[in-house]
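Residue indices begin at 1 and follow the sequence shown.
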Amino acid sequence: MSYLESQVYKERKFEEESEEVTLDGSVDFHGRPAIRAKSGRWVAAIIILLNQALATLAFFGIGVNLVLFLTRVVGQNNADAANNVSKWTGTVYIFSLVGAFLSDSYWGRYKTCAVFQVIFVIGLMSLSLSSYLFLLKPKGCGNESVNCGKHSKLEMGMFYLSIYLVALGNGGYQPNIATFGADQFDEEHSKEGHNKVAFFSYFYLAFNIGQLFSNTILVYFEDEGMWALGFWLSAGSAFAALVLFLVCTPRYRHFKPSGNPLSRFSQVLVAASRKSKVQMSSNGEDLFNMDAKEASNNANRKILHTHGFKFLDRAAFISSRDLGDQKGLGYNPWRLCPVSQVEEVKCILRLLPIWLCTIIYSVVFTQMASLFVEQGAAMKTKVSNFRIPPASMSSFDILSVAVFIFFYRRVLDPFVGKLKKTDSKGLTELQRMGVGLVIAVLAMVSAGLVECYRLKYAKQGCIHCNDSSTLSIFWQIPQYAFIGASEVFMYVGQLEFFNAQTPDGLKSFGSALCMTSISLGNYVSSLLVSVVMKISTEDHMPGWIPGNLNKGHLDRFYFLLAALTSIDLIAYIACAKWYKCIQLEANTGEIDEPEV
């Protein structure tokens with residue numbers, strides 16, 4: 001081949017690649033098939049990662065020190081403050097279901113992310129204003145030594161409205177931004193499919209980098225009583241994240257929303273109930289599949305038939321009446337559903353036991369924002385003349401996440417892959433989530449042992465009991481490091497697992513399941529604290545978690561969580577062995593079945 005022919009060949013190949021469209025059905029902003037070279041990939045994904053880091057900085061600038069704001073500024077006791085933080089954090093993640101529903105059904109992920117980010121910014125600005133104008137009175141209050149005065153119902157109403165606007169905005173945005181970032185990679189393309197899996201690790205790393213800045217810089221300002229400054233910096237960070245997200249609009253890839261999933265689920269249940277008495281063959285040959293024309297109008301990939309939940313297969317059974325309908329204008333979706341629609345319901349039902357087993361882990365995780373902080377405040381926090389804000393100790397959790405993400409992707413994953421002697425990846429998502437539960441048990445045992453020694457060296461006659469123990473706050477590092485390591489295995493594994501195992505029309509719902517697990521974990525934590533306090537305060541005892549931790553037994557609460565997590569691990573292993581993987585049509589290949 002001559003030089004001229006070689007150049008012509010290269011130019012043609014470049015033109016073909018430049019105009020090549022994605023294979024996964026994604027579209028550009030105008031609804032046209034997305035051109036691979038001009039959309040998505042790491043250019044868009046990096047913008048989304050930066051957006052996530054800034055939004056996380058803003059959110060945790062509020063959330064990580066909220067327990068101290070409630071005690072120092074609002075005037076609540078330790079147990080009430082911990083409960084209110086758990087309820088607020090839980091509400092954040094409950095709102096993730098709202099965002100996921102709107103995204104999958106009507107708005108799409110881009111519009112949903114933009115709208116909820118606007119609400120997030122409004123909530124942060126309202127919180128900054130209400131704190132500065134009403135709550136931080138007298139001036140200079142809210143630090144360790146000067147508590148603020150009482151507040152009117154209107155002032156407290158403004159405060160709670162603001163923080164729950166923040167909850168709504170962040171909750172609706174979070175599950176969609178993770179899935180929207182993954183949308184920028186075509187999983188039908190070999191290289192982009194690999195990058196899509198890697199994206200979730202980098203996404204969680206960006207999440208933790210945002211936390212690192214909020215847990216050090218913003219927490220320091222807030223711990224010194226400069227709450228208004230910390231809140232305004234959070235608002236500015238959220239606004240910068242929104243602007244950055246909007247600037248990259250022409251580059252994004254999109255998936256069209258699939259309509260209301262509740263109606264599709266209801267149709268399957270109603271159709272199956274109507275045919276509860278029909279006799280079906282065991283091979284599934286008499287089940288209804290959409291014809292090629294109908295299937296081509298649906299951008300979602302077809303899900304193959306599986307043999308579990310056989311009662312639901314009745315919804316796809318073609319009766320004599322259904323044959324008559326098909327000869328007319330078409331089938332009645334409340335009497336006959338395609339196999340793929342039935343399998344969509346089965347996929348969600350199979351996910352639920354796994355999802356339920358992750359809730360106890362979230363109970364462990366939420367202690368980092370509440371009881372870990374209160375425990376740290378009662379330890380020796382001064383190094384020379386510098387006081388370490390207790391909430392900033394979560395920086396060690398973030399550093400642990402960064403280290404273990406690198407360790408897993410670069411060392412452990414390749415090593416396990418070699419041991420398996422197959423072309424498959426290392427640990428599966430389900431295996432990683434199981435490892436996360438084991439490490440969570442170690443975290444609670446570590447926290448309990450630290451509390452035992454903190455009590456041993458504590459001053460019993462103190463009133464407020466901040467810095468009342470001679471045990472250094474740095475003894476908390478192991479429990480934070482264990483939590484960080486467990487997050488890499490549990491939460492990154494969850495993000496990948498729920499994204500891979502949910503049908504195409506429910507991807508945001510998959511991410512919302514991960515966040516709702518955290519939500520219910522916060523509510524269960526709040527309930528558990530209330531039950532423990534009710535039982536442990538009988539006969540006029542101070543209880544396990546009193547306002548003065550030196551009179552309580554926080555160590556017993558940590559050991560209780562270790563025991564509950566161990567029981568949960570056993571249940572999880574059973575559920576993981578039972579789980580069957582989603583199976584997609586042959587031209588996309590089946591997703592590998594996780595093993596435990």
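Proximity of a side-chain donor or acceptor of Glu344 to a complementary backbone N or O of Ser340 within less than 3.5 Å is not detected. Remark: side-chain polar atoms of Asn208 are not paired, donor with acceptor, to backbone N or O of Gln211 under 3.5 angstrom. A donor-acceptor pair is defined here as one N or O able to donate and one able to accept, closer than 3.5 Å; such a pair exists between the side chain of Ser130 and the backbone of Leu127. No donor-acceptor distance shorter than 3.5 angstrom exists from the side chain of Tyr204 to the backbone of Leu495, with no hydrogens or angles considered. No side-chain donor-acceptor contact under 3.5 Å links Ser511 to the backbone of Ala178. When atom types are taken as modelled, the side chain of Gln184 and the backbone of Arg253 share a donor-acceptor pair closer than 3.5 angstrom. A donor-acceptor contact shorter than 3.5 Å links the side chain of Ser162 to the backbone of Met158. Listed for the Lys507 side chain is a donor-acceptor partner under 3.5 Å among the backbone atoms of Thr502. Side chain of Trp355 to main chain of Leu513: a donor-acceptor pair is present (N/O by atom type, distance under 3.5 Å, no hydrogens or angles). A donor-acceptor pair is defined here as one N or O able to donate and one able to accept, closer than 3.5 Å; no such pair exists between the side chain of Ser201 and the backbone of Val197.
Checked by atom type, the side-chain pair Asn176/Ser508 shows a donor-acceptor distance below 3.5 Å. Checked by atom type, the side-chain pair Tyr361/Ser517 shows no donor-acceptor distance below 3.5 Å.
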Side-chain donor-acceptor pairs of residues 394-406 under 3.5 Å, sequence neighbours excluded:
unit_1 : atom_1 : unit_2 : atom_2 : d
Ser394 : OG     : Asn215 : ND2    : 2.4
Ser394 : OG     : Ala391 : O      : 2.8
Ser395 : OG     : Ser392 : O      : 2.7
Asp397 : OD1    : Gly484 : N      : 3.1
Ser400 : OG     : Ala481 : O      : 2.7
Ser400 : OG     : Ala485 : N      : 3.2

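Taking both residues in full, the closest heavy atoms of Gly123 and Leu165 are given as CA-CB, 3.7 Å, listed atom of the first, atom of the second, then distance. The two residues Cys248 and Tyr252 have their closest heavy-atom pair at CB-OH, 3.4 Å. Here the closest non-hydrogen pair linking Ser234 and Leu124 is O-CD1, 3.8 Å. Counting all heavy atoms, side chain and backbone alike, Ala182 lies closest to Asn499 at CB-ND2, 4.5 Å. The two residues Phe489 and Arg432 have their closest heavy-atom pair at CB-O, 3.1 Å. Closest heavy-atom contact between Arg109 and Ser103: CG-OG, 2.9 Å.
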Run Ser96 and Gln174 through side chain to side chain contact (heavy atoms under 4.5 Å, CB included) and show every step you take. CA-CA 7 Å; Ser96 68; Gln174 272 297 335; 5.8 Å; no
Is there a ring-ring contact (aromatic ring centres under 6.0 Å, His included) between Phe207 and Tyr491 once you walk through the steps? CA-CA 12 Å; Phe207 178 85; Tyr491 281 144; 8.7 Å; no
I'd like to know whether Trp88 forms a ring-ring contact (aromatic ring centres under 6.0 Å, His included) with Phe59, so could you lay out the CA-CA distance, the side-chain angles of the two residues, the decisive distance to 0.1 Å, and finally the verdict. CA-CA 12 Å; Trp88 177 77; Phe59 176 72; 5.4 Å; yes
Glu487 vs Met368, side chain to side chain contact (heavy atoms under 4.5 Å, CB included): CA-CA, chis, key distance, verdict: CA-CA 12 Å; Glu487 288 175 62; Met368 197 167 53; 4.1 Å; yes
Could you please spell out the steps behind the side chain to side chain contact (heavy atoms under 4.5 Å, CB included) verdict for Met226 and Phe231? CA-CA 9 Å; Met226 293 180 277; Phe231 291 168; over 6 Å; no
Starting from the C-alpha separation in whole Å, work towards a yes-or-no answer on side chain to side chain contact (heavy atoms under 4.5 Å, CB included) for Arg72 and Cys148. CA-CA 7 Å; Arg72 294 180 182 179; Cys148 297; over 6 Å; no
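A ring-centre distance under 6.0 Å is not found for Tyr202 and Phe199. Ring-centre distance between Phe95 and Phe116: not below the 6.0 Å cut-off.
A parallel orientation is assigned to the rings of Phe245 and Tyr110, their planes being inclined by less than 30° (bins at 30° and 60°). Note: Phe372 and Tyr480 have perpendicular aromatic rings, judged against thresholds of 30 and 60 degrees for the angle between ring planes.
Looking at heavy atoms from C-beta onward, Trp227 lies out of side-chain contact with Ser131 at the 4.5 angstrom threshold. At a threshold of 4.5 Å between non-hydrogen side-chain atoms, the residues Ser525 and Thr366 count as touching. Contact check for Gln501 versus Leu351: side-chain heavy atoms found under the 4.5 Å cut-off. A heavy-atom distance below 4.5 Å is found between the side chains of Met156 and Val74. In this structure the side chain of Val492 never reaches within 4.5 angstrom of the side chain of Tyr408, judged on heavy atoms.
For the atom pair CD1 (Ile477) and CZ (Phe482), the distance works out to 12.5 Å, reported to the nearest 0.5 Å. A distance of 12.0 Å separates CZ in Phe498 from OG1 in Thr179, rounded to the nearest 0.5 Å. From Leu262, atom CG reaches atom CZ of Arg264 across 9.0 Å, with rounding to the nearest 0.5 Å. In this structure, the separation between CZ on Phe497 and CE on Met490 is 11.0 Å, given to the nearest 0.5 Å. In this structure, OG on Ser258 lies 7.0 Å from CG on Asp104, to the nearest 0.5 angstrom. Taken to the nearest 0.5 Å, the CD atom of Gln431 stands 9.5 Å off from the CD atom of Glu429.
Remark: Leu233 engages Leu218, Phe221, Leu229 in a side chain to side chain contact (heavy atoms under 4.5 Å, CB included) (not counting sequence neighbours).
We find that Asp413 and Arg409 are not joined by a salt bridge, their nearest charged nitrogen and carboxylate oxygen being 4.0 Å or further apart. The pair Lys196-Asp183 does not meet the salt-bridge criterion, since no charged nitrogen lies less than 4.0 angstrom from a carboxylate oxygen. Contact check on Arg36 versus Asp186 returns a salt bridge, with a Lys/Arg side-chain nitrogen under 4.0 Å from an Asp/Glu carboxylate oxygen.
Annotation: Phe203, atom CZ; neighbour count of heavy atoms from other residues, nucleotides and ligands within 6.0 Å is above 12. Within a 6.0 Å radius of OH in Tyr106, more than 12 heavy atoms belonging to other residues, nucleotides or ligands are found. With a 6.0 Å radius and a threshold of 12 heavy atoms from other residues, nucleotides or ligands, Phe265 has its CZ atom above the threshold. In Phe29, the CZ atom is not crowded: 12 or fewer heavy atoms of neighbouring residues, nucleotides or ligands sit closer than 6.0 Å.
Pairs engaging residues 41-68 under the salt bridge (charged side-chain N to carboxylate O under 4.0 Å, His left out) rule: none recorded [sequence neighbours left out].
Of the candidates Phe134, Tyr164, Phe69, Phe159 forms a ring-ring contact (aromatic ring centres under 6.0 Å, His included) with just one, namely Phe69. Put simply, the residue from Thr112, Asn170, Asn51 that forms a side chain to side chain donor-acceptor pair (under 3.5 Å) with Gln117 is Asn51.
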